[in-house]
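Worksheet: the structure to be examined is printed underneath.
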Amino acid sequence: MALIENLTLFVLAAFLGYSIITKIPTNLHTPLMSGANAISGITLIGSVVVAGSGATTLATVLGFVAVVMATVNVVGGYLVSHMMLDQFGRQDGGDR
Amino acid sequence: MALIENLTLFVLAAFLGYSIITKIPTNLHTPLMSGANAISGITLIGSVVVAGSGATTLATVLGFVAVVMATVNVVGGYLVSHMMLDQFGRQDGGDR
Amino acid sequence: MAEGVLAGAPDWLLPLAYLVASVLFIQGLRDMTHPRTATRGNATSAAGMFLAVAVTVLWFEILSPVVLAAALLLGAAIGTWLAVTVETTEMPQLVGLFNGFGGGASALVAGAELTEIFDRDAAATPDVAVAAAIAGIIGSVTFWGSLVAAGKLHGVFRRTIRYRGEHLVKVVLLAVALTAGAFLVLQPGVFGETPLAAWAPSYWVLVAAASVLGVALVVPIGGADMPVVIALLNSYSGLAAATTGFVLDNTVLIIAGTLVGAAGMILTVIMCESMNRSLPNVLFGGWGEEATDDEMDDIYEGEIQSTSPEEVEMLLDTAQRVVIVPGYGMAVAQAQHAVAELAELLEENGVDVEFGIHPVAGRMPGHMNVLLAEADVPYDKMRELEEVNPTFSETDVVIVTGANDVVNPKAKEAEGTPISGMPILNVDEARTVIVNKRSLSPGFSGIPNPLFTLDKTSMLFGDAKQSMQDLVNEYKENH
Amino acid sequence: MAEGVLAGAPDWLLPLAYLVASVLFIQGLRDMTHPRTATRGNATSAAGMFLAVAVTVLWFEILSPVVLAAALLLGAAIGTWLAVTVETTEMPQLVGLFNGFGGGASALVAGAELTEIFDRDAAATPDVAVAAAIAGIIGSVTFWGSLVAAGKLHGVFRRTIRYRGEHLVKVVLLAVALTAGAFLVLQPGVFGETPLAAWAPSYWVLVAAASVLGVALVVPIGGADMPVVIALLNSYSGLAAATTGFVLDNTVLIIAGTLVGAAGMILTVIMCESMNRSLPNVLFGGWGEEATDDEMDDIYEGEIQSTSPEEVEMLLDTAQRVVIVPGYGMAVAQAQHAVAELAELLEENGVDVEFGIHPVAGRMPGHMNVLLAEADVPYDKMRELEEVNPTFSETDVVIVTGANDVVNPKAKEAEGTPISGMPILNVDEARTVIVNKRSLSPGFSGIPNPLFTLDKTSMLFGDAKQSMQDLVNEYKENH
Ligand SMILES: NC(=O)c1ccc[n+]([C@@H]2O[C@H](COP(=O)([O-])OP(=O)(O)OC[C@H]3O[C@@H](n4cnc5c(N)ncnc54)[C@H](OP(=O)(O)O)[C@@H]3O)[C@@H](O)[C@H]2O)c1
Ligand SMILES: NC(=O)c1ccc[n+]([C@@H]2O[C@H](COP(=O)([O-])OP(=O)(O)OC[C@H]3O[C@@H](n4cnc5c(N)ncnc54)[C@H](OP(=O)(O)O)[C@@H]3O)[C@@H](O)[C@H]2O)c1
């Protein structure tokens, strides 16, 4: 029953996400948003499979576009998040 | 890959358990302990399958003992926990 | 079985790698609970992503490695370029844009998978078809909704388009998308044996309808509500990835997507709550139009005292304790460095300076914290509402710069204003209040602010960066 | 496919029911985060259990329904009887006992499943065999370890048995169990075609070795450390259930078992931390012997003032603020009702009364809270260490009843005592301290308590229940 197993993962991940995210303080919410955003680019691995399989031309074209878009999301998201957090981190070093 | 899928569930549940339990205040730790204890009686459902299948006499005997033990754990655990919590709950009603 | 570079590797390697990647995502988010560990958390999460993608590339037979490499490089280049050239004030729209791309990719992947299935002359099982339909709808709405939202935030187009029957249009579009989805699931074969059938035409009808729906949903929402929309679409892009995981039967997509879905949903709810509005009100209420005209000027007529950097400098000269309250205007003006410099100067001269940060100051949760951290303001100077409010009665001067709603006492008194019930920073309890903004025009909520008319309030009109810099210079001259 | 009463039901019904049960367990635990929702949480969790068991019973073909019903009824009867007849002080050992039963059941289930597999002349796949071996070891250790721990707590046998080479014995037992496990996994067929082979003999060798190991592990641990052992075994019983889930490929067993495993582990760590000891030290250090003799008497010689209920009543008469510090002795004496009555009387006469609850007072985390809640003491009167410590300097009388280590100032000063570094309740900052216990014998940690020798301290010797009741009567007579 792949469907129910997947559903089980979904439910557990939802509870876990709720538990973790509610512990994150407000001042980190903007970097959290872009970091979470980057994680949603995980759809990239789906795009890779589809783009690389080359089964049909249509799938390849769709896959190509999907890979570009998902990669922008992943790379951009993590970078932006890193740049923001660096500013928090930098001063922490200074404090000590 | 049933093994990896099960491992995934295990990992998610471990993180989730950690997140939830660390939020429970000390004053509820004793009822938590007996409540968690009752949950571990979930092994009862394994016992039921084994005891009921009647495949071999040995399995039936083992299953019988297992069902008795697991049921003691489940019923006793929830009852004890309920009795303790009732004492907390009772006064909450009184307070209002 | 592995088909690609890793051919011959045991079956369990791929799901195990995905499990490890999921753990890295989870651990990354857990590290986000503290500023000290947050940078590491982001890196952990990125490592998870790298692992998942690398294993995937090596595992599957890549018939067109050049195409794939080109796509990856192109995406990485665009992403890097956007990230490094962005101004801190443009963060919200950039996050929105990235987000849209993630949603769009999910919709395309689901579609490509369907065409592959149909191309093999196989039928999609009902659960795959349902998941694909959901991924298509959510992904398309996310893509187009995010583009519109990012465009509005960026000022590409500011108009809020409202029209009679706009809700009906949305309902019809959703109905079309759902009908196309039903076709996809039931596969009644209306397209017969035509070559068209292999393209999964009902899926693309669904995508088209959902795309228009995405635009139609966001267009009527006021520009100032866009941050909420973006947080919600962030949640959607996660859900789209999770549903794609159901289509491809892939655990890491489901887990990671769901985590993002939860994160976005929680941020959305927090924003709505701290603005004292409901989510349906934000999405369909249509309120939230930024009042740009200065009709308010009459209201304030004759009750406003304005001041100059020189006068403020004199006030600061005798102050023991100063609280700076930044708001959206500080972000717009990029005034954080000037503000930080002012605070440092005052501290050097023995004045006790703190920042009062309202939870919804600016346009994203934590917006002010990010800006001030950029300008090297130490955390322990940034005080949250509950911490700073009790101290205003012992504060000599409050400098409000680019903030409006978050210090509007109307939130306390009147029922029926858009901010009624929102907790505010009680700056009016301080001895003197300096309000720095460019005009008397209202903030996000579009209502006048009685704080400006108080006897203890003086307005320091001007762009936040300019005014703060003037103050710094003035202060330096005299010390 | 369903074979039992539900024959014909769709395949996904069983896993779906298990998913719902898992959600109920999770939600039940989440509700435990607040006293107000905790009772509901327990009921939610119980509902999940009921659902999981009911669906299982209906789903599978039960060849011997009478046997099954008998087993269920018998178990329920025993469980209910034990639960309703238990005294609140006996909770810890009862929880331990129940816990052992859960672990034992897991070990038996894994064994029965193996015999069934072998009976069908099939071979257990390596992952099933490994999981069964783990379930067998953990389950057996849990069962016997819990029995010993519960027995010690109940006073069935109090002696701590230590002997030379005890660690070697444990290592050898573990090695035997692991070797048997290896046999099970590799199935070299040493038992050939004998009828014996179908009984999975290597599994039972493993169980026997692990059972002795369980006893050997707990026997050398001091009676007072039993609560930590029980929390740890609680974690083990969860892990045993989770591994059984791997054997049976059953999601709800894995999820619920893992949740319990995490809960037990966290409680264990918290207890160790608040006693300022490491887990290996508790398990293998062998320290923790309860000092039962009163050799300490000499140490205190001539430095002790003792008092009477009459004198204490006079003190209370002029007090504005009283703090009551309960400890393990209150639980032993079942003095909570008398203590609560005293507090109520004082309150009625305008005295400000609070309870100072140390995190490890008693023998389980939250032990005092459960007892006082039973006696209807309102929560807001029970103060945690951080809350109550700053108030002692403004407290007129502290009544310490049945507590010892948690108020021992040696924790602050000396290095090298078993309680060094443990934060304590600073009752010595109050104006007067009354310590109620039966003798001068030490508490859990076995060390003398300099608090008793202070000028401001008076000892009210006697059983806690009796002494508190005397105080109540005395106070009533005079008011
Ligand atoms: N933080 C979030 O998550 C979030 C999300 C969505 C909505 N919101 C809403 O946004 C509002 C935030 O309150 P806020 O007090 O920060 O901002 P605000 O109420 O929007 O007011 C910002 C003020 O800044 C001034 N300003 C703009 N550009 C400026 C410049 N270059 N120099 C100086 N001043 C400038 C504007 O007045 P002038 O034009 O006269 O200069 C305006 O009155 C709240 O109503 C909140 O509910 C927040
Ligand atoms: N809470 C937990 O989770 C936990 C778990 C494991 C270990 N521990 C340990 O347990 C200790 C708890 O400290 P504590 O101060 O509560 O207890 P304690 O240090 O064990 O002292 C209890 C005192 O109560 C007295 N007592 C016993 N029966 C009595 C009766 N019937 N009437 C009056 N007094 C009686 C005893 O003295 P007499 O014999 O003279 O009467 C004894 O000195 C700590 O060392 C802690 O580390 C706690």
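A note on names: the letters A, B, ... follow the listed sequences, proteins ahead of strands, and every chain is numbered from 1.
- Using a 4.5 Å cut-off between heavy atoms, C/Asn99 touches chain A through backbone and side chain atoms alike.
- Smallest separation of non-hydrogen atoms from C/Ala83 and C/Val86: O-CG1, 3.2 Å.
- Looking at C/Pro92, there are no atoms closer than 4.5 Å to chain A (heavy atoms on both sides), in backbone or side chain.
- Heavy atoms closer than 4.5 Å to chain C are found in both the backbone and the side chain of A/Ala14.
- Shortest non-hydrogen contact noted between C/Ala21 and C/Ala52 is CB-CB, 4.0 Å.
- Heavy-atom pairs under 4.5 Å with chain C were tallied for A/Pro25, A/Gly17, A/Gly63, A/Ser40; the largest tally goes to A/Ser40.
- Only the side chain of A/Leu44 comes within less than 4.5 Å of a heavy atom in chain C; its backbone stays farther off.
- Here the closest heavy-atom approach between residue C/Ala241 and residue A/Thr43 is recorded as CB-CB, 4.3 Å.
- The choice from C/Gly79, C/Gly48, C/Pro65 that makes the most heavy-atom pairs within less than 4.5 Å of chain A is C/Gly79.
- Using a 4.5 Å heavy-atom cutoff, the side chains of C/Pro359 and C/Leu385 are in contact.
- Note: C/Leu74 leads C/Leu74, C/Val84, C/Leu94 in heavy-atom pairs under 4.5 Å with chain A.
- For C/Leu371, no part lies under 4.5 angstrom from a heavy atom of chain A.
- With chain C as the partner, the residue from A/Val48, A/Leu9, A/Leu12, A/Val61 showing the most heavy-atom pairs under 4.5 Å is A/Val48.
- The two atoms that bring C/Pro365 and C/Met271 nearest to each other are CD-CE, 3.5 Å, heavy atoms only.
- Note on A/Thr26, A/Ile39, A/Leu79, A/Val67: by heavy-atom pairs under 4.5 Å with chain C, the leading option is A/Ile39.
- C/Asp249 touches chain A through backbone and side chain together, each having a heavy atom under 4.5 Å away.
- With chain C as partner, the option from A/Val11, A/Val72, A/Val68, A/Val75 having the largest number of non-hydrogen pairs under 4.5 angstrom is A/Val72.
- When heavy atoms are compared at a cutoff of 4.5 Å, A/Leu7 approaches chain C by way of both its backbone and its side chain.
- In this structure, A/Asn37 contributes its side chain and A/Gly77 its backbone to no donor-acceptor pair below 3.5 Å.
- At a 4.5 Å heavy-atom cutoff, the contact between C/Leu29 and chain A is made by backbone and side-chain atoms alike.
- Rounding to the nearest 0.5 Å places CG of A/Leu85 at 12.5 Å from CZ of C/Arg40.
- Residue C/Val247: no heavy atom, backbone or side chain, is found under 4.5 Å from chain A.
- With a threshold of 4.5 angstrom between heavy atoms, C/Thr244 approaches chain A through side-chain atoms but not through N, CA, C or O.
- Taking 4.5 Å as the limit, every side-chain heavy atom of C/Val130 sits out of range of all side-chain heavy atoms of C/Phe246.
- Using a 4.5 Å cut-off between heavy atoms, C/Ile230 contacts chain A through both its backbone and its side chain.
- Contact annotation: the side chain of C/Gln27 approaches that of C/Asp31 to within less than 4.5 Å [non-hydrogen atoms, C-beta and beyond].
- In terms of heavy-atom pairs under 4.5 angstrom with chain A, the leader among C/Leu259, C/Leu82, C/Ile254 is C/Ile254.
- Heavy-atom pairs under 4.5 Å with chain A peak, among C/Ile255, C/Leu108, C/Thr258, C/Val95, at C/Thr258.
- When every heavy atom of C/Met32 is checked against every heavy atom of A/Ser81, the shortest pair comes out as CE-OG, 4.4 Å.
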Margin query: Run C/Tyr203 and C/Thr115 through side chain to side chain contact (heavy atoms under 4.5 Å, CB included) and show every step you take.
Written below: CA-CA 9 Å; C/Tyr203 182 77; C/Thr115 62; over 6 Å; no

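- A side-chain donor-acceptor contact under 3.5 Å links C/Thr268 to the backbone of C/Leu232.
- Heavy-atom pairs under 4.5 Å with chain A were tallied for C/Val53, C/Ile266, C/Asp127; the largest tally goes to C/Ile266.
- Contacts between C/Met368 and chain A at a heavy-atom distance below 4.5 Å are absent for every atom of the residue.
- Residue with the most contacts toward chain A among C/Ala256, C/Ala46, C/Ala263: C/Ala46 (heavy-atom pairs, distance under 4.5 Å).
- At a 4.5 Å heavy-atom cutoff, the contact between A/Leu28 and chain C is made by side-chain atoms alone.
- For a residue to count as touching a neighbouring chain, one of its non-hydrogen atoms must lie under 4.5 Å from one of that chain's; by this rule C/Asn234 touches chain A with the side chain only.
- Of the two parts of A/Val74, only the side chain, counted from C-beta on, holds a non-hydrogen atom closer than 4.5 Å to a non-hydrogen atom of chain C.
- At a 4.5 Å heavy-atom cutoff, the contact between C/Leu248 and chain A is made by side-chain atoms alone.
- For C/Leu72, the parts lying under 4.5 angstrom from a heavy atom of chain A are both the backbone and the side chain.
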| Could you walk me through whether C/Val370 and C/Glu374 pass the side chain to side chain contact (heavy atoms under 4.5 Å, CB included) check? | CA-CA 6 Å; C/Val370 171; C/Glu374 188 202 336; 5.7 Å; no

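- With a threshold of 4.5 angstrom between heavy atoms, A/Met33 approaches chain C through its backbone and through its side chain.
- For the pair C/Tyr18/C/Asn250, a side-chain contact is recorded, criterion being any heavy-atom separation below 4.5 Å from C-beta on.
- In plain terms, the two heavy atoms of A/Ile20 and C/Ile26 that are nearest each other are CD1-CG2, 3.8 Å.
- Atom OH of A/Tyr78 has more than 12 heavy atoms from other residues, nucleotides or ligands within 6.0 Å.
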